[in-house]
Amino acid sequence: MVNLVCPQDKLPLTSDLKCPKGHVYRQIDGIYDFLLGEPKNSDVLEKVAPFYEGIYAPLGFLITGRTRYSTILREAGFYSSGEEFLDIGTGPGKIFDYVSCQQCYGLDISLRFLRILKRNRKNVTPIRGDAMSLPFSDESFSGASAMFVIHMLSDPVQALSEMSRVLKRKGRCSLGLLTKNGWVANLLAKWWKLELRSESFYIGS
C-alpha cells in the first residue's frame, strides 16, 4: 500500500489513521475517509450515481461530445497505467476497467459513488478525500488520472499541483477538462454553475 499522510499537514499517519498533530481519520465500510466535515456534493450526481456509468455518462458524452464515454476512459487508462495508480474524482471507478495497475486507488468526495466503486471493483482501494489536498506522500504513483473533475473545483491549480506532487518522476497522467471552447461548454457551465477556464490557463499551470 502506498504511504498515507495527513492531508492537512502531510505528516505520516499511524496504522489507525492518526496524525502526530492530532488529526484523526477513519474508515467507513472499508472506505478510507479523509474528510473532517461533510462536503457539498452535486445533488444531480448523487441522484444519478446508481446509473451514472451505465446511462448518464455515456448518454451525456454522446450528446455533448459526440464520442463514447468508454472510448475516452480507455485511451486515458491505457496512457497513464502504472504499477501504482490514482484516479481523482473517480465516481464509480469506470476507468479501472481499462487501467493496468497493481496498487489501484480511487478518490472521490462522494460516499455513495465510493460504495459503488467498492462493490464493483474490488481491486481498487476507495479513498474519500479532497483533490486539492491529497492524503498521499510525495511521488507515490507512477500513473494518475483526473477525468472531468478538475474544472469543477474552486482552485484547479492547487489540484493540479497536488496531482504533480504525488506523481513519481516520469509518471504519466491523463486529464479530462471542460474549457471555454464553444456553446456546448458554455451551456454545461451554466447548468453546473461553473467558471470555465481556457486551455491556455491549464497549459500555463
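Computed from a predicted model, the values in this text were never measured in an experiment.
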### Query
With a 4.0 Å cut-off, would you call Lys118 and Asp29 a salt bridge?
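Salt bridge between Lys118 and Asp29, a charged N being under 4.0 Å from a carboxylate O: no.
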
Close side-chain approach of [X] and [Y], heavy atoms under 4.5 Å:
| X | Y | result |
| --- | --- | --- |
| Leu107 | Pro135 | yes |
| Tyr52 | Tyr69 | yes |
| Pro50 | Arg112 | yes |
| Met163 | Leu175 | yes |

### Query
Cationic tip of Arg197 within the cone over Tyr202's six-membered ring, i.e. under 6.0 Å and within 45° of the normal?
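Ring-cation test returns no.
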
### Query
Is Gln27 atom CD crowded by more than 12 heavy atoms from other residues, nucleotides or ligands, each under 6.0 Å away?
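Correct, the count exceeds 12.
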
### Query
Should the heavy atoms of other residues, nucleotides or ligands under 6.0 Å from CZ of Arg165 be counted, would the total exceed 12?
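Result for CZ/Arg165: enclosed.
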
#### Entry: Nearest heavy atoms of Ala159 and Ile150, plus distance in Å
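Heavy-atom minimum between the residues: CB-CD1, 3.7 Å.
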
### Query
For the residue pair Gly89 and Asp108, what are the closest heavy atoms and their distance?
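That closest heavy-atom pairing would be C-OD2, 3.3 Å.
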
### Task
Find out if a path of hydrophobic residues (ILVMFWY) with successive side-chain heavy-atom gaps under 4.5 Å connects Leu160 to Tyr79.
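Each belongs to a different hydrophobic cluster.
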
### Task
Treating Ile, Leu, Val, Met, Phe, Trp and Tyr as nodes and any side-chain heavy-atom pair under 4.5 angstrom as an edge, say whether Val166 and Tyr25 lie in one connected cluster.
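Yes, because Val166 and Tyr25 connect within a single hydrophobic cluster, where side-chain heavy atoms sit under 4.5 Å apart.
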
#### Entry: Distance (rounded to the nearest 0.5 Å) between Thr90 OG1 and Leu114 CG
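So the OG1 of Thr90 and the CG of Leu114 are separated by 7.5 Å.
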
### Message
Evaluate Asp9 against Cys19 for side chain to side chain contact (heavy atoms under 4.5 Å, CB included), listing each step before the verdict.
### Response
CA-CA 8 Å; Asp9 304 311; Cys19 165; 3.5 Å; yes

### Task
Would you check, one step at a time, whether the test side chain to side chain contact (heavy atoms under 4.5 Å, CB included) holds for Lys21 with Gln8?
CA-CA 10 Å; Lys21 290 194 174 182; Gln8 298 185 65; over 6 Å; no

### Task
Pick out which of Tyr98, Tyr105, Phe141, Phe96 makes a ring-ring contact (aromatic ring centres under 6.0 Å, His included) with Phe85.
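Among Tyr98, Tyr105, Phe141, Phe96, the one meeting ring-ring contact (aromatic ring centres under 6.0 Å, His included) with Phe85 is Phe96.
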
### Message
My understanding is that only residues two or more places apart in sequence, or in another chain, count here; which of them pass salt bridge (Lys or Arg N to Asp or Glu O under 4.0 Å) with Asp33?
### Response
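Only Arg26, Arg128 meet the salt bridge (Lys or Arg N to Asp or Glu O under 4.0 Å) criterion with Asp33.
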
### Task
Please test Asp97 against Arg121 for side chain to side chain contact (heavy atoms under 4.5 Å, CB included), starting from the C-alpha separation and ending with a verdict.
CA-CA 8 Å; Asp97 291 354; Arg121 296 171 174 98; 2.9 Å; yes

Is it true that [Y] and [X] share a donor-acceptor pair across their side chains at a distance under 3.5 Å?
| X | Y | value |
| --- | --- | --- |
| Ser110 | Glu46 | yes |
| Ser133 | Lys10 | yes |
| Ser174 | Ser80 | yes |

